[in-house]
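Values reported hereafter were calculated over all heavy atoms of this structure, with side chains retained and with hydrogens, waters and symmetry mates removed. If you're wondering where the values come from, they're calculated on a predicted model, not measured in any experiment.
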Amino acid sequence: MLWVKAAHIIFVIFLMAGLFMMPRFFVYHHQCPVGSDEDRKWIEREDRLRRIILNPALMIVWIFGLMLAFNGDYWHEGWFIAKFLLVFALSGYHGWMIGYAKKLARGERPLTEKRLRMLNEIPGIAAAIIVILVVVRP
């Protein structure tokens, strides 16, 4: 299971990198005129980040994470349930980002740049709490 654990950690890093990058891409995307050449470039960048990094990393994190959970039989431990719920919430955040990227591609700008910068903090806060839960196991 050490290989599974190592792969899980590696893909968590990829996932977190993508979760940090996408909202930053949104901030830059907001600054360009709708329909411009720059707008099309940001749409393509966001799509590539989703297809190449975010979606595959999320799937692999879930597969390896569930393998580790079943192998360790953590389903009755409070720290694991809290971690599981946070990972589930981060998966929802991922889904929201994909939906928001589609809105940007349609020319919609429902959130302000300031709000996007604040939303960019969600993965960092979740990651800090998850690491504490896994290491300390309160």
Side-chain angles (χ1 to χ4, degrees):
M1 282 314 246
L2 287 178
W3 285 104
V4 172
K5 188 180 281 189
H8 179 69
I9 292 168
I10 290 166
F11 282 95
V12 165
I13 292 168
F14 293 164
L15 175 63
M16 294 307 296
L19 291 177
F20 283 125
M21 287 174 64
M22 188 68 92
R24 180 54 52 190
F25 279 15
F26 292 164
V27 169
Y28 298 140
H29 192 164
H30 264 253
Q31 297 171 352
C32 66
V34 174
S36 67
D37 186 48
E38 187 179 358
D39 181 48
R40 285 187 291 280
K41 287 179 183 176
W42 280 112
I43 292 167
E44 179 61 27
R45 288 176 190 129
E46 291 158 0
D47 185 56
R48 284 183 182 169
L49 179 60
R50 177 189 55 81
R51 282 185 296 109
I52 297 169
I53 297 174
L54 277 170
N55 287 352
L58 183 67
M59 288 186 291
I60 293 169
V61 163
W62 271 101
I63 291 167
F64 289 158
L66 289 172
M67 287 172 65
L68 291 167
F70 281 110
N71 185 59
D73 196 29
Y74 298 131
W75 298 98
H76 304 291
E77 300 194 33
W79 68 268
F80 176 77
I81 300 301
K83 175 197 176 235
F84 185 82
L85 292 174
L86 283 168
V87 172
F88 190 77
L90 274 179
S91 298
Y93 177 76
H94 167 271
W96 172 83
M97 285 194 316
I98 301 310
Y100 196 78
K102 290 177 182 178
K103 288 180 182 178
L104 287 174
R106 290 191 304 263
E108 300 172 24
R109 306 284 197 268
L111 297 176
T112 65
E113 289 177 33
K114 182 178 180 180
R115 176 71 48 107
L116 288 170
R117 284 185 177 95
M118 289 173 46
L119 289 169
N120 196 31
E121 303 305 320
I122 290 173
I125 293 166
I129 295 169
I130 289 168
V131 168
I132 291 168
L133 287 169
V134 172
V135 173
V136 177
R137 295 186 180 188

Enquirer: May I have the step-by-step check of side chain to side chain contact (heavy atoms under 4.5 Å, CB included) for Asn55 and His94, ending in yes or no?
Expert: CA-CA 9 Å; Asn55 287 352; His94 167 271; 2.8 Å; yes
Enquirer: Can you confirm whether Lys102 sits close enough to Ile98 that some side-chain heavy atom of one is under 4.5 Å from a side-chain heavy atom of the other?
Expert: yes
Enquirer: Aromatic contact between Phe11 and Phe14, with the criterion being ring centroids under 6.0 Å apart: yes or no?
Expert: yes
Enquirer: So do Asn120 and Val27 actually touch side chain to side chain, heavy atoms under 4.5 Å?
Expert: no
Enquirer: Group every Ile, Leu, Val, Met, Phe, Trp and Tyr by side-chain heavy-atom contacts under 4.5 Å, then state whether Val131 and Ile125 land in the same group.
Expert: no
Enquirer: Kindly work out whether a path of hydrophobic side-chain contacts (I/L/V/M/F/W/Y, heavy atoms less than 4.5 Å apart) joins Trp96 to Met21.
Expert: yes
Enquirer: Is there a side-chain contact between Pro138 and Leu133 (heavy atoms, below 4.5 Å)?
Expert: yes
Enquirer: I'd like to check the salt bridge (charged side-chain N to carboxylate O under 4.0 Å, His left out) partners of Glu121; sequence neighbours left out, ordered by chain and number.
Expert: none
Enquirer: For Phe26, is there any backbone N or O sitting under 3.5 Å from a side-chain donor or acceptor partner on Tyr100?
Expert: no
Enquirer: If you take all heavy atoms of Ile43 and Ala105, which pair is closest and at what distance?
Expert: CD1-CA, 3.6 Å
Enquirer: Indicate if Met22 and Met118 have the same hydrophobic cluster label, given that clusters are the connected sets of ILVMFWY residues with side-chain heavy-atom separations under 4.5 angstrom.
Expert: no
Enquirer: Should we count CE of Met1 as having more than 12 external heavy atoms under 6.0 Å?
Expert: yes
Enquirer: Can you confirm whether Ile130 sits close enough to Val12 that some side-chain heavy atom of one is under 4.5 Å from a side-chain heavy atom of the other?
Expert: no
Enquirer: Looking at Arg137, I'd like to know if its CZ atom is crowded, meaning that more than 12 non-hydrogen atoms belonging to other residues, nucleotides or ligands lie closer than 6.0 Å.
Expert: yes
Enquirer: Would you say CZ of Arg24 has more than 12 non-hydrogen atoms from neighbouring residues, nucleotides or ligands within 6.0 angstrom?
Expert: yes
Enquirer: Any side-chain heavy-atom pair from Tyr93 and Leu19 closer than 4.5 angstrom?
Expert: yes
Enquirer: I need the minimum non-hydrogen distance between Ile52 and Pro56, along with the two atoms involved.
Expert: O-CG, 3.6 Å
Enquirer: Should Leu119 and Met97 count as side-chain neighbours, where that means a heavy-atom distance under 4.5 Å?
Expert: no
Enquirer: Are Glu44 and Arg40 ion-paired here, with the side-chain N under 4.0 Å from a carboxylate O?
Expert: no
Enquirer: Could you point out which residue of Arg45, Glu46, Lys41, Glu38 forms a side-chain hydrogen bond (donor to acceptor under 3.5 Å, both in side chains) with His29?
Expert: Glu46
Enquirer: In residues 57-81, what donor-acceptor pairs under 3.5 Å come from side-chain atoms, sequence neighbours left out?
Expert:
residue, atom, partner, partner atom, Å
Trp62, NE1, Ser91, OG, 2.8
Glu77, OE1, Trp79, NE1, 2.6

